[in-house]
Trainee: 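Submitted below is the structure of interest, expressed as structure tokens.
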Amino acid sequence: MPELPEVEVIRLGLNELIIGKKFSDVEFDWVKSFPNAKNDIKLFLLNAKVINIQRKGKSIIINLSSNYSLVIHLRMTGQLIYRGEDAQFGGGHPSESLVGNLPDKSTRVIFTFSDKSKLFFNDQRKFGWVKLVPTSLIEEISFYKKLGPEPLLKSFDAVVLHERLLRKANTSIKAALLDQTVLAGVGNIYADESLWTAKIHPATQVKKLNIEETTKLTRAIKAVLKLSIKNGGSTDRNYVNARGQRGNYLVFANVFRLNGKPCKRCGTIIIKIRVAGRGTHLCPSCQKIK
DNA sequence: CACTTGACCTGTCCGC
DNA sequence: TGCGGACAGGTCAAGT
């Protein structure tokens with residue numbers, strides 16, 4: 001669920017909250033949530049300071065003064081929540097947080113900074129992970145080697161998307177958009193929203209798209225992602241930002257989770273089908289299969 | 001080789 | 001009320 005906009009909103013929050021802070025302790029009980037921690041944390045995490053925070057696709061990279069980096073993937077249900085030193089509720093605004101006292105039963109890793117504030121990695125379904133890797137080796141991570149272009153860069157345009165789609169000619173456009181090697185950061189919510197905006201049926205074979213449709217789709221992807229970031233991302237089930245607050249994008253959603261409701265463009269009832277093994281929402285009038 | 005399916009997990013919801 | 005099963009959907013490994 002955390003897709004590009006949600007991860008970007010977390011990054012922006014962490015940028016305000018933890019830059020310059022020094023790690024003083026780390027605790028974890030679920031080994032798979034922090035698989036390589038044992039070997040390296042004492043030398044390269046404790047006493048290291050946070051230099052800056054990046055995002056690549058749906059992952060977060062916290063660069064440290066030790067020339068190591070924490071690489072974090074939230075997968076389905078991961079959360080990164082900062083709490084100030086003065087309260088478990090954090091920041092003195094418990095009512096703003098969707099999350100109660102921390103740690104709770106889905107807390108997997110607890111980072112403590114030297115000022116006693118904490119960063120909690122919560123992950124109900126345990127699919128997410130934190131890894132500590134040398135900063136110089138980040139580009140060698142196989143996931144990053146294969147990762148497609150960032151859709152919000154100016155350099156990402158219809159020509160680039162068309163090129164990336166060439167080797168996926170026989171699959172559906174929805175499967176292609178979800179494929180992180182085609183482009184980075186789009187997941188189920190924004191794939192459905194972008195395809196509705198561009199008036200393309202999600203099951204359309206990639207090779208049947210013309211340049212006009214690819215251009216519309218490129219614009220739609222950028223617009224949808226930007227609107228979501230502006231509104232704090234999508235809280236479908238349990239996404240929260242670094243302050244534990246929910247996002248508001250789904251107020252603006254046009255199809256996602258709106259099956260049974262009228263299409264905002266034409267009034268036809270939105271349906272939910274399965275495409276590429278995923279729940280897929282579309283307007284059967286606006287988005288015709290070719 | 002391209003593409004699909006299953007595994008990884010837990011919580012929620014639905015039908016019986 | 002309890003219980004089994006479907007479902008949620010990101011990524012990798014295994015299978016077709």
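Every chain is numbered from 1, with letters handed out A, B, ... down the list of sequences. Since this is a predicted model, take the numbers as computed values, not measurements.
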Trainee: Reckon A:R274 touches a base, only the sugar-phosphate, or nothing at all at heavy-atom distances under 4.0 Å?
Mentor: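 The answer is sugar-phosphate, as A:R274 gets under 4.0 Å only of primed atoms, P, OP1 or OP2.
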Trainee: Does any residue of residues 123-145 of chain A have a heavy atom under 4.0 Å from DNA chain B, and if so, which ones, in number order?
Mentor: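 By residue number: A:Q124, A:R125, A:K126, A:F127.
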Trainee: Considering only atom C1', compute the distance from C:dT11 to B:dT12 and round it to an integer number of Å.
Mentor: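 Going atom to atom, C1' in each nucleotide, I get 23 Å.
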Trainee: Quick one: A:K146 NZ to C:dG10 P, roughly how many Å, whole number?
Mentor: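 The answer, rounded to whole Å, is 17 Å.
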Trainee: Expected output check: what is the dot-bracket annotation of DNA chain B, where ( ) and [ ] are pairs inside the strand (brackets for crossing ones), | is paired with another strand, and pairs are Watson-Crick or G-U under 3.5 Å?
Mentor: .|||||||.|||||||
Trainee: Write down the distance separating the P atoms in B:dT5 and C:dC7, rounded off to the nearest Å.
Mentor: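 One P to the other, the span is 14 Å.
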Trainee: Taking all heavy atoms of A:R164 and all of A:T181, pick out the closest pair and write down the distance.
Mentor: NH2-O, 2.5 Å
Trainee: Scan A:N238, A:T77, A:D104 and name whichever one has a side chain to side chain donor-acceptor pair (under 3.5 Å) with A:N122.
Mentor: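 The option that passes is A:D104.
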Trainee: Taking all atoms of both residues into account, what is the closest heavy-atom pair of A:H281 and A:L258, and its distance?
Mentor: CD2-N, 4.2 Å
Trainee: Any idea which of C:dG10, C:dT11, B:dC8 is nearest the A:K32 side chain?
Mentor: B:dC8
Trainee: In whole Å, what is the span from the CZ atom of A:R278 to the C1' atom of B:dT4?
Mentor: 11 Å
Trainee: Whole angstrom is fine here: how far is it from CG in A:L4 over to P in C:dG10?
Mentor: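 Going from A:L4 (CG) to C:dG10 (P), I get 12 Å.
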Trainee: Could you please name the option among C:dC12, C:dG9, B:dG11 that lies closest to any side-chain atom of A:F256?
Mentor: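 Nucleotide nearest to A:F256's side chain: C:dG9.
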Trainee: Can you measure A:L147 atom CG to C:dG10 atom P for me and round it to whole angstrom units?
Mentor: 14 Å
Trainee: Decide, yes or no, whether a salt bridge links A:D115 with A:K22 under the criterion of side-chain N to carboxylate O below 4.0 Å.
Mentor: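 Looking at A:K22 together with A:D115, the answer is no, because their closest N to O distance does not fall below 4.0 Å.
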